[in-house]
J.: 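Take a look at the following structure, please.
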There are 2 protein chains.
Amino acid sequence: MSATIKDIAKLAGVSHTTVSRALNNSPLIQEETKERIRIIAEQLDYTPNYNAKSLVLDRSYNLGLFFTTLSNGTSAGFFYEAIRGVNSVIRDRYQLIVKGIDDYTSFHSITKKSFDGIIIVSQSDDDGPIIEHIANKGIPLVVLNRPVDTAGVLNVLSDEEQGAFHAGCYLVNQGHKKIALIEGRKGFKSAQNRKDGFERAMGHYGISVPAAYRMPGLYDLESGHTAMQHFLSLEERPTAVFCCNDEMALGAIKAVFEAGLQVPKDISVVGFDDTVFAAYVTPALTTVRRPIEQISKEGALRLLGNIENKLHTTEQLLLRTELIVRESVQLLQP
Amino acid sequence: MSATIKDIAKLAGVSHTTVSRALNNSPLIQEETKERIRIIAEQLDYTPNYNAKSLVLDRSYNLGLFFTTLSNGTSAGFFYEAIRGVNSVIRDRYQLIVKGIDDYTSFHSITKKSFDGIIIVSQSDDDGPIIEHIANKGIPLVVLNRPVDTAGVLNVLSDEEQGAFHAGCYLVNQGHKKIALIEGRKGFKSAQNRKDGFERAMGHYGISVPAAYRMPGLYDLESGHTAMQHFLSLEERPTAVFCCNDEMALGAIKAVFEAGLQVPKDISVVGFDDTVFAAYVTPALTTVRRPIEQISKEGALRLLGNIENKLHTTEQLLLRTELIVRESVQLLQP
DNA sequence: CACATCTATGCACACGTTAACAATAGTCTT
DNA sequence: AAGACTATTGTTAACGTGTGCATAGATGTG
């Protein structure tokens with residue numbers, strides 16, 4: 001069917017060894033011979049069989065890109081930016097294999113032979129076992145988006161606690177005192193960090209957040225909607241709500257409008273993530289931007305570095321978040 | 001390093017052939033022997049080397065999932081749903097390799113050896129060459145989202161023309177006569193189809209759409225915003241605007257609010273795609289839903305069918321779109 | 001001129017797996 | 001009891017590529 005180095009060898013009147021060396025641009029082969037062989041390869045439309053190469057070179061040319069889940073809980077924008085970032089770095093050097101961790105029934109098939117390196121975009125503590133497995137197998141690994149301290153594992157993430165802290169401070173500085181919180185999906189590390197940052201800000205200014213001002217959420221529109229309905233039903237409504245992501249913030253805003261009220265006039269809303277539509281909803285959403293694409297780029301770069309230099313550095317990179325002030329927060333007069 | 005069938009063979013006191021057969025559950029091997037071998041394999045934590053398997057079986061266990069572009073023009077939600085749909089079908093039988101077609105400098109490396117099958121999520125006529133290439137190489141192929149008529153290629157898409165037609169008719173039936181259009185990204189087949197469906201609806205009711213009521217768009221928030229600003233500046237403003245996707249519709253709505261006007265009271269807006277946030281913006285967006293996830297599922301299923309039965313059927317599957325009526329269109333009194 | 005050195009190439013094997021064919025022992029048939 | 005057949009296992013080669021070692025010719029050296 002398709003041409004092999006042996007076919008080329010026959011036509012060129014040399015051994016297949018010479019062809020192999022010529023096409024890999026080995027200094028052992030005469031320039032003239034190389035050129036002749038290259039031309040024949042071109043004519044035959046030769047493409048190396050990567051499976052054979054992999055077998056003998058013990059490299060798969062595969063990079064795994066694993067998400068905590070593909071089926072629920074991962075927001076589309078997040079997913080997209082992560083893949084984009086990684087893809088822009090690897091170009092054609094590796095194949096990018098995308099998987100959801102929760103699709104694995106067993107990690108047995110994850111071996112050094114099938115992955116040259118793995119990028120885990122982790123959103124949950126439940127990812128611990130797979131991280132252990134990969135590290136044990138000695139596969140180069142970078143974990144994005146969530147802190148890990150396993151030795152030999154790279155780690156790139158944004159400082160979400162700090163981002164939430166800034167958002168909380170901002171609300172207080174705008175004059176808010178009755179501030180409510182819609183939490184993220186339980187078990188997701190980000191949910192914990194964002195909550196922590198928010199709490200720290202409140203603590204910093206000595207503002208207490210009663211139980212009625214705290215609602216659980218699932219990072220989706222619907223749970224934001226429900227949570228806000230609850231806040232609106234309270235006798236003493238909060239004047240501002242910090243939502244642990246933009247989708248929930250959107251759902252929350254929707255609930256406010258449905259109740260015949262206005263954002264930010266009657267109630268202020270802050271989100272987290274700066275998703276693409278945050279700037280375009282009405283009112284434009286004040287939110288915390290985390291540099292997903294940059295995180296995935298930096299992560300991929302460092303991973304490739306470790307792969308190519310056969311290192312297993314343990315490095316943690318923390319990228320700053322940024323508060324994006326738009327129109328969804330009202331300045332309260334004292 | 002890692003165990004091979006030969007290691008198992010030694011421990012079991014049989015030939016490596018017997019081990020291979022046992023682990024592949026061949027009927028040639030005695031049940032008792034199989035069991036013994038399985039236990040040893042388990043103890044050694046044996047995993048087959050897929051590169052070696054691929055080499056001899058001439059199968060890669062790879063499925064390509066190619067998008068027109070990863071870097072711009074593909075909406076995040078679209079991307080996400082497509083991967084989800086395909087992933088839910090293939091589970092652990094194949095590895096899913098995600099690529100942007102515009103990342104390829106040459107299609108040379110796309111061979112039968114490296115891909116058992118390919119799914120192209122096509123958004124542009126520019127994808128013609130790669131489709132030709134893949135079909136010529138005899139690699140099983142399904143093209144999603146855009147019509148193709150190459151022999152031996154599967155094709156699954158939604159009837160967007162019909163969807164846009166219904167949306168257009170709906171606007172007219174709600175009493176609108178001055179209807180404007182924000183077009184999709186030039187070169188994208190969907191842009192043409194949606195425009196065609198809209199035009200057909202207008203033609204059907206004898207409504208003419210002047211040049212000033214047509215604006216180009218790029219499928220992003222910003223171009224929708226710009227286009228709507230243009231419409232608002234006209235002496236005789238349209239009463240309704242059909243946007244070729246939801247993102248542009250969001251941008252358009254934003255522009256309306258900025259001008260101190262209201263949707264749908266002053267101007268009605270219809271989108272296309274029913275992205276996740278369509279239901280949660282204010283006002284909730286009336287739009288056309290196309291079943292991306294279903295399309296990618298159906299496509300993947302049919303592709304796997306063709307791969308496993310070694311067929312190259314030429315089949316086209318057209319899935320219906322659905323008009324989702326929400327709150328962004330005003331009923332005009334005559 | 002004899003020997004060492006260098007250059008360009010080939011030979012043979014390895015990577016881990018599957019499969020065609022061969023071999024052995026036991027069972028059945030007449 | 002001889003031949004045919006069956007069940008189980010082994011021998012060997014093959015997939016396509018890369019590499020250590022051998023080889024042959026050319027060139028340099030004293």
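The basis for the numbers below is simple: all heavy atoms, side chains too, and nothing from hydrogens, waters or symmetry mates. So that the names make sense, note that chain A is the first sequence line, chain B the second, and so on, each numbered from 1.
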J.: Does D/dG18 have OP1 or OP2 under 4.0 Å away from a side-chain N or O of A/Lys53?
T.: yes

J.: Can you tell me how far P of C/dA14 sits from CG of A/Leu57, to the nearest Å?
T.: 17 Å

J.: Hey, does B/Asp58 reach any base, or is it just sugar-phosphate, or nothing, if we go heavy atoms under 4.0 Å?
T.: nothing

J.: For nucleotides 5-11 of chain D, tabulate all protein N/O to nucleotide N/O atom pairs closer than 3.5 Å, reporting atom names and distance.
T.:
| unit_1 | atom_1 | unit_2 | atom_2 | d |
| --- | --- | --- | --- | --- |
| D/dT9 | OP1 | B/Gln30 | OE1 | 3.4 |
| D/dT9 | OP1 | B/Thr33 | OG1 | 2.8 |
| D/dT9 | OP2 | B/Gln30 | N | 3.1 |
| D/dT9 | OP2 | B/Thr33 | OG1 | 3.4 |
| D/dG10 | OP2 | B/Ser15 | N | 2.8 |
| D/dG10 | OP2 | B/Ser15 | OG | 3.3 |
| D/dG10 | OP2 | B/Thr18 | OG1 | 2.6 |
| D/dG10 | O6 | B/Arg21 | NH1 | 3.3 |
| D/dG10 | O6 | B/Arg21 | NH2 | 2.9 |
| D/dT11 | O4 | B/Thr17 | OG1 | 3.0 |

J.: From the options A/Asn306, A/Asn155, A/Leu154, A/Val142, select the one residue that forms a side chain to side chain contact (heavy atoms under 4.5 Å, CB included) with A/Glu315.
T.: A/Leu154

J.: Give, for atom CD of A/Glu132 and atom CZ of A/Phe107, the distance between the pair rounded to the nearest 0.5 Å.
T.: 11.0 Å

J.: With a non-hydrogen cut-off below 4.0 angstrom, is B/Ile5 in contact with a base, only sugar-phosphate, or nothing?
T.: base

J.: Applying a 4.0 Å non-hydrogen cut-off, can you work out what A/Leu55 is touching in the nucleic acid: base, sugar-phosphate, or nothing?
T.: base

J.: Given axes from five pairs at either end, by how many degrees does the helix from C/dC1-D/dG30 to C/dT30-D/dA1 bend, rounded to 10°?
T.: 50°

J.: Does the ring center of B/Phe67 lie less than 6.0 Å from the ring center of B/Phe79?
T.: yes

J.: One pair to check against side chain to side chain contact (heavy atoms under 4.5 Å, CB included): B/Ile131 and B/Ile120. What are the steps and the verdict?
T.: CA-CA 8 Å; B/Ile131 293 175; B/Ile120 291 194; 3.9 Å; yes

J.: To the nearest Å, how far apart are A/Leu23 CG and D/dT17 P?
T.: 9 Å

J.: Give one of base, sugar-phosphate or nothing for B/Tyr46, where a contact means two heavy atoms less than 4.0 Å apart.
T.: sugar-phosphate

J.: Tell me whether A/Lys297 at atom NZ has more than 12 heavy atoms from other residues, nucleotides or ligands lying less than 6.0 Å away.
T.: no

J.: Look at all strands and tell whether A/Asn51 reaches a base, only sugar-phosphate, or nothing, counting heavy atoms closer than 4.0 Å.
T.: nothing

J.: Would you list the protein and nucleotides 22-27 of chain C atom pairs, both N or O, that sit under 3.5 Å from each other?
T.:
none

J.: Would you kindly give the CG-to-C1' distance between A/Leu44 and D/dG16, to the nearest whole Å?
T.: 15 Å

J.: Please find out if less than 6.0 Å separates the ring center of B/Phe115 from that of B/Phe66.
T.: yes

J.: Show your working on salt bridge (charged side-chain N to carboxylate O under 4.0 Å, His left out) between B/Glu42 and B/Arg38 and close with a plain yes or no.
T.: CA-CA 6 Å; B/Glu42 178 82 18; B/Arg38 281 198 201 106; over 6 Å; no

